[in-house]
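This report concerns only the one structure given below.
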4 protein chains.
Amino acid sequence: MVDGRRGRPRDPRSHEAIVQATCELLGEVGYERMSIEAVASRAGVGKQTVYRWWPSKGVLVAEAVLTGHLRLRTAPLDDTGDLRSDLGVWLDELTAALSDDRTASLVRATAAAAADDEHAAAQLYERFTGPAHQAVVARLTAAVAVGHVRPDADLAAAADALTGALVYRVLTRQDAVTPQRSRGLLDVVLSGLAPERGV
Amino acid sequence: MVDGRRGRPRDPRSHEAIVQATCELLGEVGYERMSIEAVASRAGVGKQTVYRWWPSKGVLVAEAVLTGHLRLRTAPLDDTGDLRSDLGVWLDELTAALSDDRTASLVRATAAAAADDEHAAAQLYERFTGPAHQAVVARLTAAVAVGHVRPDADLAAAADALTGALVYRVLTRQDAVTPQRSRGLLDVVLSGLAPERGV
Amino acid sequence: MVDGRRGRPRDPRSHEAIVQATCELLGEVGYERMSIEAVASRAGVGKQTVYRWWPSKGVLVAEAVLTGHLRLRTAPLDDTGDLRSDLGVWLDELTAALSDDRTASLVRATAAAAADDEHAAAQLYERFTGPAHQAVVARLTAAVAVGHVRPDADLAAAADALTGALVYRVLTRQDAVTPQRSRGLLDVVLSGLAPERGV
Amino acid sequence: MVDGRRGRPRDPRSHEAIVQATCELLGEVGYERMSIEAVASRAGVGKQTVYRWWPSKGVLVAEAVLTGHLRLRTAPLDDTGDLRSDLGVWLDELTAALSDDRTASLVRATAAAAADDEHAAAQLYERFTGPAHQAVVARLTAAVAVGHVRPDADLAAAADALTGALVYRVLTRQDAVTPQRSRGLLDVVLSGLAPERGV
DNA sequence: TCGTAATCGAGACGGTACGTCTAGTCTTAGG
DNA sequence: CCTAAGACTAGACGTACCGTCTCGATTACGA
């Protein structure tokens, strides 16, 4: 009799409208000034429907931003055999995304959500930071195997350096990272990872 | 007649009490849940006294945290002639500071303030991010002059990589950076900056 | 095929459970704080089942209270030939009922329902106030016929005075009517109705 | 230093606007459908300003209605020496007031408030019911002294009968009391109070 | 030794948003 | 067609803070 599936099923249109409205408002007014009431109102939804499915503003923001609206690569990097080129493609993608004001604003909002709420921070890690970091480390590990990277290097530290440098500038609201700066960064890190030449 | 100095002068004890209360509350409840009312109440001060001297919560937090309570080095790095050692000292200091939960919490609060408010972001840059970045770049520039760093390297990118990697982990609430990780990071970056060996 | 009796017939147990739960909750929290949700929940019934059979909270309360749970006489009064005794019995019954806290609470709830909703007020009149008033007037009319009440008296006014005086005290939350007060009331009204003696 | 008078003093205009808005809304939508939000909005006042000074809706309504907007006599009745005339004047006043739809609506609202909240009921008693009852009893007591009322009559019961009968009709939403009915009521009660004639 | 002026703590003001509760409707699966 | 369950939009609840605005009470300086 009781099968766990009684009652009206949730409406997926409401869910989608809430996520959409959240991203719009984050882009318009930022994390701090975004209110759940405004989200509900813009989504054409009762407030309770927001609270029914998301426990807090931080988690809503993390999920909304990371599900489909912050298009940053978390998939494995290409492996063409040319490490510099593969990382360059990945870095250019990231640089381009962060150069967009809207995207930068969403990233700042996610950081604010993570600073505010550790459940949001956990979401951020599981859905974005972790996979992205893992993808870079995986590509570097493959490069070690074919001798393009020295085996004693701390690959995780290198991955942190690449992503951290970019995100850091967004959070401190410096000018966007230019392609030159991006190249310089890649150059420093790749040189640091290179096997001893000529010895 | 009007000399700008008439009337009761401000009470420095109030100013100090407000800064103190702000830091305490940030540590206890975080940026988002810290309220001006709570600050005023704990400082034993009227709300107006807060608003008289700080235009917004973000700026108050930025100033309170950066003035005297977040003890991160912005002064020039030592130059003993040994670049790896000098940067190691600086990095260890930073790592140690960020390993402290209270300090990490204040850093997250500052990031949230910067994400929230561009005046706070500007304060953050002028008082902390900028000077620290500049100090590292200065030390690297000196190293270029004596041939310890190759002249074509992007020193600013290297500085971003060092600080960004550390801050990034704090913001995403990963485990604190270990000394090993810190060494690995320094190794990657310094190797990347080293002049061509053996050619 | 269409015979007006298709589908599952209504479950009388649900109806009774709703009425029961309504009266319990009225006694516990009063009219204002009683919610349809709480009624449905306590009755083990879906909300829709309440709304299907009662158009509003006021009407539900009026029906629940007046059907079987507020045991006040609306039937004709006894006519033993002794008017004072017959009215005394009726008045004592009423006084006793209103002395009970639970019953007083239900009466107040009914008044609140009537103040709130004119459909509830109509129910109250049709089911309780009207019949009770009519029963008293009928007994007085019989008394006029046998010369125990002067023919020019306003019998309806007398009936209003008797019931109104009692209900008034319940609504204003005065101390319950004592038997003495009840006797005093009956005495005043009956004296006022008595035919001229001795003239 | 602390003298209980620190801080900004309350604004009497807000108080008055709230009382005014409460009475208007009660007349328009009734007690149940009147919301504090609507009161605050119509009064041009923050919600907190309502909650700062009134603990609940019931008490607000009781105070608003009884302070200046329900103009029912609580002052002593005239004593011209003619009891029937004096009570007649008082009863006519009351009848006239209750014949007005707006006033009847306010009375029903007050009853609902009293049913809902015992603090409101206490206010109702202290400010209106009690004094009015007392005024009638006082006039009757004076009449006893001059032999116009028999000394053994229960004067409080008589006062209850007079006011109760009228209020009862308002609460049960019967037709307004007509002057004839009012006269009939007065006649029954006064006859009941009259000293024995002719014996 | 007075004003005049700016400060202080306190706290009320008009508001916005919070997170919860309920209203009344609708949609499912199942007697 | 009825039932229990429970999601839906809507909106009020009472609380917490926002940033502004009086208050009375302190301090200073210049007249």
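What you see below is based on every heavy atom in this structure, not just the backbone, and it leaves out hydrogens, waters and symmetry mates. Here is the naming used below: chain letters follow the sequence lines, and residue numbers restart at 1 for every chain. Quick caveat: nothing in here was measured; it's all calculated off a predicted structure.
C:Arg13 pairs by the salt bridge (charged side-chain N to carboxylate O under 4.0 Å, His left out) definition with C:Asp11, not counting sequence neighbours. Qualifying salt bridge (charged side-chain N to carboxylate O under 4.0 Å, His left out) partners for C:Glu126, counting only residues two or more places apart in sequence or in other chains: none. In this structure, the side-chain contact (heavy atoms from CB on, under 4.5 Å) partners of A:Glu32, at least two apart in sequence or on a different chain, are B:Tyr31, B:Glu32, B:Lys57, B:Asp116.
Of all heavy-atom pairs between D:Ala62 and D:Ala120, the closest is CB-O, 3.9 Å. The shortest non-hydrogen separation linking C:Val39 to C:Ala21 is O-CB, 3.8 Å.
Between A:Tyr51 atom OH and E:dT22 atom C1' there is a gap of 17 Å when expressed in whole angstrom units. We find that CG of C:Leu60 is positioned 11 Å from P of E:dA23, with the value rounded to whole Å.
With hydrogens and angles left out, the side-chain atoms of D:Arg10 and D:Thr49 include no donor and acceptor closer than 3.5 Å. Residues B:Gln48 and B:Arg52 bring no donor and acceptor atom of their side chains to less than 3.5 Å of each other. In the model, C:Arg42 has no side-chain atom that pairs as donor or acceptor with a side-chain atom of C:Thr22 under 3.5 Å.
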For nucleotides 6-11 of chain E, give me one character per nucleotide, 5' to 3': B if any protein heavy atom sits under 4.0 Å from the base, S if the only such contacts are to the sugar-phosphate, - if neither. BBBSBB
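For DNA chain F, none of the residues of residues 112-119 of chain A falls under the heavy-atom distance limit of 4.0 Å. Using a 4.0 Å cut-off on heavy atoms, none of the residues of residues 25-39 of chain C approach DNA chain F.
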Under the ring-ring contact (aromatic ring centres under 6.0 Å, His included) rule, what do C:His119 and C:Trp54 come out as? Steps first, then yes or no, please. CA-CA 11 Å; C:His119 295 91; C:Trp54 289 275; over 10 Å; no
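For the atom pair OG1 of C:Thr67 and NE2 of C:His15, the computed distance is 7.5 Å after rounding to the nearest 0.5 Å.
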